[in-house]
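All ligand and atom numbering here is 1-based and tracks the order in the structure. Keep in mind that the numbers below use all heavy atoms, side chains included, and drop hydrogens, waters and symmetry copies.
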Amino acid sequence: MDLKQLYQEVILDHNKNPRHFKVMEACDAQAVGHNPLCGDKLVVYLKLDGDTVQDLSFVGDGCAISKASASLMTELMRGKTVAECLQWQQDFHHAATHQDVDGSHLGKLQVLLGVREFPARVKCATLAWHTLAAALQQQSHAQTE
Ligand code: ZN
């Protein structure tokens, strides 16, 4: 199995069995993200303990890339500080839009960097992250444009 196939497997797995896929009652912040180009729509919920993301979940509907990205995000950002989450969002967006960036600092998120070859799918991959940033900044709506 080559790397591309392995990445594909991870995406399909997270799409089929998304992690932390649930509405969060009594959350501290939430935001709605919408990518009209593809039709991806999701809601991100989070609970903070001081400056740390204690709990993170999402619900929504969209393509495999958008769901896998949201699912991986809920795994990776748990326990991170608000500043760290915003940094990850910027780093991921940068890596997803620049062919020359080595994505090794992104850990598991590297599986999504295949979208660099398909610019129209970049918004699918980054939607959850923009939505998380919006929730952290206490806005209610994130648009990918
Ligand atoms: Zn999509």
Cationic tip of K67 above F21 ring, under 6.0 Å, 45° of axis: yes
Are T74 and H20 close enough that a side-chain donor and a side-chain acceptor fall under 3.5 Å? yes
Counting only protein N/O/S, how many atoms fall short of 2.8 Å from the Zn ion (ligand 1)? 5
K16 NZ: over 12 foreign heavy atoms closer than 6.0 Å: no
Looking at every non-hydrogen atom in both residues, tell me the closest pair between L136 and C85 and how far apart they are. CD1-CB, 3.5 Å
If you apply the rule side-chain contact (heavy atoms from CB on, under 4.5 Å), what do you find for M77 with W88, and how did you get there? CA-CA 9 Å; M77 294 302 103; W88 270 79; 3.4 Å; yes
So does K80 pair up with D51, basic N to acidic O under 4.0 Å? no
